[in-house]
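A short write-up of the structure that comes next.
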Amino acid sequence: MSKAQSYFECLTCSYQTVKWIGCCPECKSWNSLDEIVTTKVDAKYKAAIQPDKHLFTLADIKLEEQARITSACSEWDRVAGGGIVPGSFILVSGDPGIGKSTLLLQISTQLSPKHTIIYFSSEESLPQVKLRFQRIQKTTPENLLFSDQSSLQAIIEICKSKKPTLVIIDSIQNVLNEETNALPGTISQLKESAFRLMKLAKEHNIAIIATGHITKEGTIAGPKLLEHMVDAVFYLQKEDQWQTRTLRSIKNRFGSINEIGFFHMKGDGLQEVQNINQHLLEQTKNAPGSTLVSSLEGTRPIFLELQALTIPVKFGIPQRIITGIDHKHVVLIAAILEKYLHIPLSKHDIFFKISGGLKTKDQTCDLGIALALLSSYFQQPLAGKTIALAELSLTGQVKPIYNIDIHAKECKTFGFSSMIIAQDQVLHKQDGPPVKRISTVHELLLFFPAEQILD
Ligand code: TYD
Ligand code: MG
């Protein structure tokens with residue numbers, strides 16, 4: 001037996017109160033309080049719990065090896081950590097219109113003859129889903145069933161009776177738990193729906209993929225709230241000028257995080273871009289201020305073209321306009337160059353970006369940032385197809401990076417003529433392009449023999 005109780009929680013700052021109030025006293029947001037219904041477990045239930053029944057030694061725990069559910073889409077499988085794990089609960093989130101429904105419909109279609117799949121479209125009507133389906137595929141797949149049910153109880157009952165391998169819930173914000181009065185998409189509805197669906201996934205070994213929008217209120221009332229409850233969270237984003245959609249794993253209990261998949265939105269759905277590095281290199285020109293680096297996203301090295309522009313300040317405070325990389329990081333490397341090479345970057349405006357509007361946080365780009373700044377300052381491109389792979393310390397030392405062999409292999413594949421690395425970098429495999437080793441930032445000047453400074 002348990003007693004139901006309720007309280008109110010602010011969606012913005014999590015302030016709690018027993019009575020509803022229009023304006024949150026903590027963060028001053030209006031209409032942000034949402035009712036949360038809780039139940040208190042009584043003493044009889046607690047007394048009935050037998051601790052020994054619920055505790056196991058490692059030897060008692062049985063492992064069941066289950067094959068992952070793989071699709072024909074290798075970019076999806078890569079992000080999922082090699083395929084969907086049966087009984088896992090995945091959240092795919094992103095802005096409205098980014099392509100979540102399209103992607104999941106394509107994945108379902110590819111898996112359908114082998115597996116039973118139910119697609120719950122609570123957001124769009126079934127004729128709308130059919131229209132989308134006709135855009136992406138002409139032949140009707142077997143074992144792929146559609147439903148416009150949005151009731152949580154109905155979804156659970158249908159799944160229990162049909163026992164599909166995979167269930168798509170599009171979207172979780174539209175799922176309605178009939179047992180509470182709250183509107184779909186509210187904090188209590190979302191949490192309750194996610195909890196019950198997780199239970200369904202684990203108890204019946206059904207993989208569930210739910211979509212969730214990033215809401216206007218920010219990330220609080222949206223899918224961010226659910227991230228700790230689910231097994232994996234993938235973000236579908238549009239990052240660059242080429243309209244490439246990136247699917248990134250933010251959390252994955254069954255695979256590596258930050259794994260990234262690339263897609264292009266075409267007239268007939270999302271098309272995977274398997275060879276993204278080829279695509280990125282095709283856009284690159286050997287020009288002053290441009291340097292190539294490699295950044296590890298999950299397990300895959302991605303080439304990035306760093307672009308710098310340094311211009312002497314005519315008046316006022318120098319500008320630092322930096323996108324795609326931490327602003328402070330570029331400023332710090334400019335300071336290292338000024339200190340040890342006496343390059344007066346503090347008297348220059350610095351404009352810095354990553355080509356294509358891509359972003360990185362990888363420390364492997366340090367040397368590339370320094371070379372891009374110097375290359376713009378001296379108005380000289382780096383010779384040949386060169387890549388820079390090292391970290392810089394505040395003392396002006398060039399430091400080795402982790403996973404150099406993965407980068408080196410990719411550089412070899414794409415025909416780089418040289419790789420600038422740290423003096424004491426250990427290469428376990430000798431399958432990369434020829435290397436140039438340097439130990440301090442002073443040696444960077446060797447790459448710009450005909451120094452020609454733009455004033
Ligand atoms: P959708 O999958 O509905 O996005 P989400 O579920 O994330 O809201 O995709 C919507 C956009 O994708 C819409 O602007 C139309 C476009 N689109 C294409 O360009 N090609 C296609 O084949 C499909 C199905 C959609
Ligand atoms: Mg959708």
Side-chain angles (χ1 to χ4, degrees), residues 71-73 75-76 79-80 84 89-112 117-141 144-152 155 166-176 184-185 189-190 193-194 197 208-219 221-227 230 232-250 260-274 279:
S71 68
C73 176
E75 292 295 288
W76 165 268
V79 176
I84 303 163
F89 187 7
I90 300 170
L91 180 69
V92 176
S93 69
D95 292 332
I98 195 79
K100 299 180 292 296
S101 308
T102 308
L103 176 67
L104 295 183
L105 191 61
Q106 282 179 250
I107 301 296
S108 313
T109 318
Q110 288 170 7
L111 295 173
S112 58
I117 295 150
I118 305 182
Y119 192 112
F120 289 98
S121 176
S122 52
E123 213 167 63
E124 287 166 279
S125 66
L126 294 183
Q128 275 176 302
V129 177
K130 184 159 182 173
L131 277 177
R132 177 182 289 114
F133 177 80
Q134 283 173 343
R135 281 183 79 171
I136 61 174
Q137 199 169 322
K138 303 290 169 252
T139 53
T140 312
L144 175 56
L145 301 164
F146 293 92
S147 167
D148 57 1
Q149 268 300 334
S150 60
S151 149
L152 178 65
I155 292 173
L166 175 68
V167 169
I168 311 283
I169 313 273
D170 191 9
S171 70
I172 190 146
Q173 273 135 328
N174 272 18
V175 171
L176 175 71
Q189 283 276 4
L190 273 174
S193 305
L197 289 171
I208 298 179
I209 307 177
T211 65
H213 298 303
I214 293 172
T215 57
K216 212 171 86 213
E217 292 81 37
T219 44
K224 264 259 184 263
L225 186 84
L226 307 175
E227 287 185 358
V230 299
V233 181
F234 305 158
Y235 273 13
L236 189 61
Q237 290 164 314
K238 186 163 75 180
E239 288 201 357
D240 57 32
Q241 72 198 33
W242 308 304
Q243 302 290 306
T244 312
R245 290 337 193 236
T246 55
L247 184 73
R248 191 185 282 270
S249 63
I250 302 299
I260 185 165
F262 291 87
F263 300 87
H264 276 161
M265 183 60 97
K266 293 275 163 81
D268 55 353
L270 284 165
Q271 203 178 71
E272 57 179 328
V273 188
Q274 282 183 3
H279 182 73

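In this text the structure is predicted, and so the values were computed from the model without any measurement. As the structure lists them, so they are numbered: ligands from 1, and atoms in each ligand from 1.
Within the coordination shell of the Mg ion (ligand 2), defined by N, O or S atoms under 2.8 Å, S101 is present.
Atom 15 (C) of ligand 1 has as its closest protein heavy atom R135 NH1, 4.2 Å. Closest to atom 2 (O) of ligand 1, if we only count protein heavy atoms, is T102 OG1, 2.5 Å. Protein heavy atom closest to atom 3 (O) of ligand 1, with residue, atom name and distance, is R132 NH2, 2.6 Å. At the top of the distance list for atom 16 (C) of ligand 1, counting protein heavy atoms only, stands M265 CE, 3.9 Å.
Of the N and O atoms on the side chains of D170 and T211, at least one donor lies less than 3.5 Å from an acceptor on the other residue. Side-chain N/O atoms of E123 and H213 include a donor and acceptor closer than 3.5 Å. One side chain, S125 or Q128, offers a donor N or O that lies under 3.5 Å from an acceptor on the other.
A donor-acceptor contact shorter than 3.5 Å links the side chain of Q110 to the backbone of A72. Distance alone, capped at 3.5 Å, places no donor-acceptor pair between the Q134 side chain and the L131 backbone. One N or O on the side chain of N174 and one on the backbone of S122 form a donor-acceptor pair closer than 3.5 Å. Remark: side-chain polar atoms of E272 are paired, donor with acceptor, to backbone N or O of E75 under 3.5 angstrom.
By the 3.5 Å distance cut-off applied to N or O atoms, G269 is counted among the residues near ligand 1. Inclusion of R245 in the set of residues having an N or O under 3.5 Å from an N or O of ligand 1 is not warranted. Where the criterion is an N or O separation shorter than 3.5 Å, residue side chain and backbone included, H213 fails it with respect to ligand 1.
Taking a cut-off of under 4.0 Å to the non-hydrogen atoms of K266, the atoms of ligand 1 that pass are 18 (C), 19 (O), 20 (N), 21 (C), 22 (O). For ligand 1, the atoms sitting less than 4.0 Å from at least one non-hydrogen atom of D268 are 22 (O), numbered in the order shown with element in parentheses.
Which of S93, G99, S171 comes nearest to atom 4 (O) of ligand 1 through a heavy atom is settled by distance: it is G99. The closest heavy-atom contact to atom 5 (P) of ligand 1, among the options G94, G97, G267, comes from G97.
Between F234 and W76, the ring planes lie perpendicular to each other; the angle is over 60°, past the 30° to 60° tilted range.
Remark: atom 25 (C) of ligand 1 lies closer than 4.0 Å to at least one protein heavy atom.
Contact annotation: for S101 versus ligand 1, heavy atoms closer than 4.0 Å belong to both the backbone and the side chain.
Looking at F120 and I168, their side chains never come closer than 4.5 Å, going by heavy atoms from C-beta outward.
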